[in-house]
Amino acid sequence: MPDIEAKSTALLLMDFQNAIVGMLGEAGPALLERAGKARAAARAAGMAVMHVRVAFTDADYAAVSPRNKSFAALGKSRFLTDGSEPAAIHPALAPAADEEVFTKKRVGAFSTTNLAARLAARGIDTLVLAGIATSGVVLSTLRDAADHDYRLFVLADCCADQDAEVHRVLTEKVFPRQADVIDLAGFGRLWT
């Protein structure tokens, strides 16, 4: 696998929010630790680190179509209200001052944010994905990013899903069609 250029690469830490991490139960702390190590390695290499989170205002909730099964349910429960503790990025990965944060209103990182414009402005053409859930934000973001010709890496051990079998199938069988699936140890070797 060829080396990557750190200056044209971004690590996307996606949906590492209090409520979402909490849904992983005992697996949450270890995932946060691995994601923190990935972040430290990216920063040490001079790579951009960007955070993606999902949160809604009252107006956002009102704009969700009742036909949208997932998000209509979120609207009724007010589960991830912007500014609430459940919607906050977990303190273990609290964004540094130079780490941009993008708040989305749907599953993928691109459709309701200006992420693509910010990546283009910074000359970023390679993305390293980490997040919760593998079957949610990671899958949606990977598919969209692949359609926009980003070079993609997925940090399999820095992603998680409530269904371990779904995580395995995605990282072993689906994602490799569009991305290099690596682990935290492999991430550190990409630019050495």
Side-chain angles (χ1 to χ4, degrees), residues 10-40 42-43 47-119 122 127-145 154-164 166-167 170:
L11 170 64
L12 298 185
L13 296 171
M14 303 180 293
D15 293 0
F16 284 100
Q17 295 165 253
N18 290 325
I20 297 171
V21 171
M23 293 187 315
L24 297 176
E26 294 178 4
L31 177 67
L32 287 168
E33 183 178 346
R34 290 188 300 273
K37 288 179 180 178
R39 174 188 179 179
R43 289 183 63 82
M47 189 179 299
V49 174
M50 298 177 170
H51 300 262
V52 178
R53 61 188 283 271
V54 59
F56 302 89
T57 63
D58 285 338
D60 297 328
Y61 284 128
V64 173
S65 169
R67 295 183 304 273
N68 187 318
K69 189 174 179 179
S70 303
F71 287 93
L74 277 175
K76 288 179 184 171
S77 69
R78 298 291 202 255
F79 177 57
L80 292 169
T81 300
D82 204 9
S84 71
E85 189 61 26
I89 293 173
H90 194 282
L93 293 174
D98 62 342
E99 296 175 354
E100 293 183 75
V101 178
F102 300 87
T103 301
K104 62 190 176 79
K105 311 300 178 196
R106 292 295 186 268
V107 179
F110 288 98
S111 70
T112 59
T113 69
N114 67 341
L115 176 61
R118 291 298 303 138
L119 294 171
R122 294 180 71 165
L127 300 177
V128 181
L129 307 180
I132 311 165
T134 313
S135 62
V137 68
V138 180
L139 172 62
S140 293
T141 301
L142 181 142
R143 293 289 194 190
D144 202 4
V154 175
L155 286 173
D157 57 351
C158 293
C159 296
D161 201 281
Q162 286 185 294
D163 186 326
V166 168
H167 173 83
L170 287 170

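All of these numbers come straight from a predicted model, not from anything done at the bench. FYI, the numbering just counts along the sequence from 1.
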TODO: Not counting sequence neighbours, which residues clear ring pair (Phe, Tyr, Trp, His ring centres under 6.0 Å) with Phe110? List them please.
DONE: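 For Phe110, the residues satisfying ring pair (Phe, Tyr, Trp, His ring centres under 6.0 Å) (neighbours in sequence not counted) are Tyr150.
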
Nearest 0.5 Å please: distance from the [atom1] atom of [X] over to the [atom2] atom of [Y].
X      : Y      : atom1 : atom2 : result
Lys105 : Asn68  : NZ    : CG    : 14.0 Å
Leu129 : Ser140 : CG    : OG    : 11.0 Å
Lys104 : Thr113 : NZ    : OG1   : 9.5 Å

Would you say the side-chain atoms of [X] pair up with the backbone N or O of [Y], donor to acceptor, closer than 3.5 Å?
X      : Y     : value
Glu100 : Met50 : no
Thr103 : Ala55 : no
Lys37  : Ala40 : no
Gln162 : Met23 : yes

Open item on the list: Looking at Arg53 and Asp82, is there a salt bridge between them, counting it only when a charged N and a carboxylate O are closer than 4.0 Å?
Closed with: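 Result for this pair is yes, salt bridge flagged.
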
List in chain and number order the residues that pass side chain to side chain contact (heavy atoms under 4.5 Å, CB included) with [X], two or more places apart in sequence or in another chain; answer none if no residue qualifies.
X      : answer
Ala133 : Ser135, Asp161
Ala156 : Thr171, Val181
Ala19  : Phe79, Leu80, Pro86
Leu31  : Phe16, Leu24, Arg34, Ile132, Ala160

Of all heavy-atom pairs between [X] and [Y], which one has the smallest distance, and what is that distance?
X      : Y      : result
Gly28  : Val21  : CA-CG1, 4.1 Å
Leu11  : Ala42  : CD2-CB, 4.0 Å
Thr134 : Cys159 : OG1-CB, 3.6 Å

Could you go through residues 90-97 and list every donor-acceptor pair under 3.5 Å that involves a side-chain atom there, pairing it with any protein atom two or more places apart or in another chain?
{"residue": "His90", "atom": "ND1", "partner": "Ala92", "partner atom": "N", "Å": "3.0"}

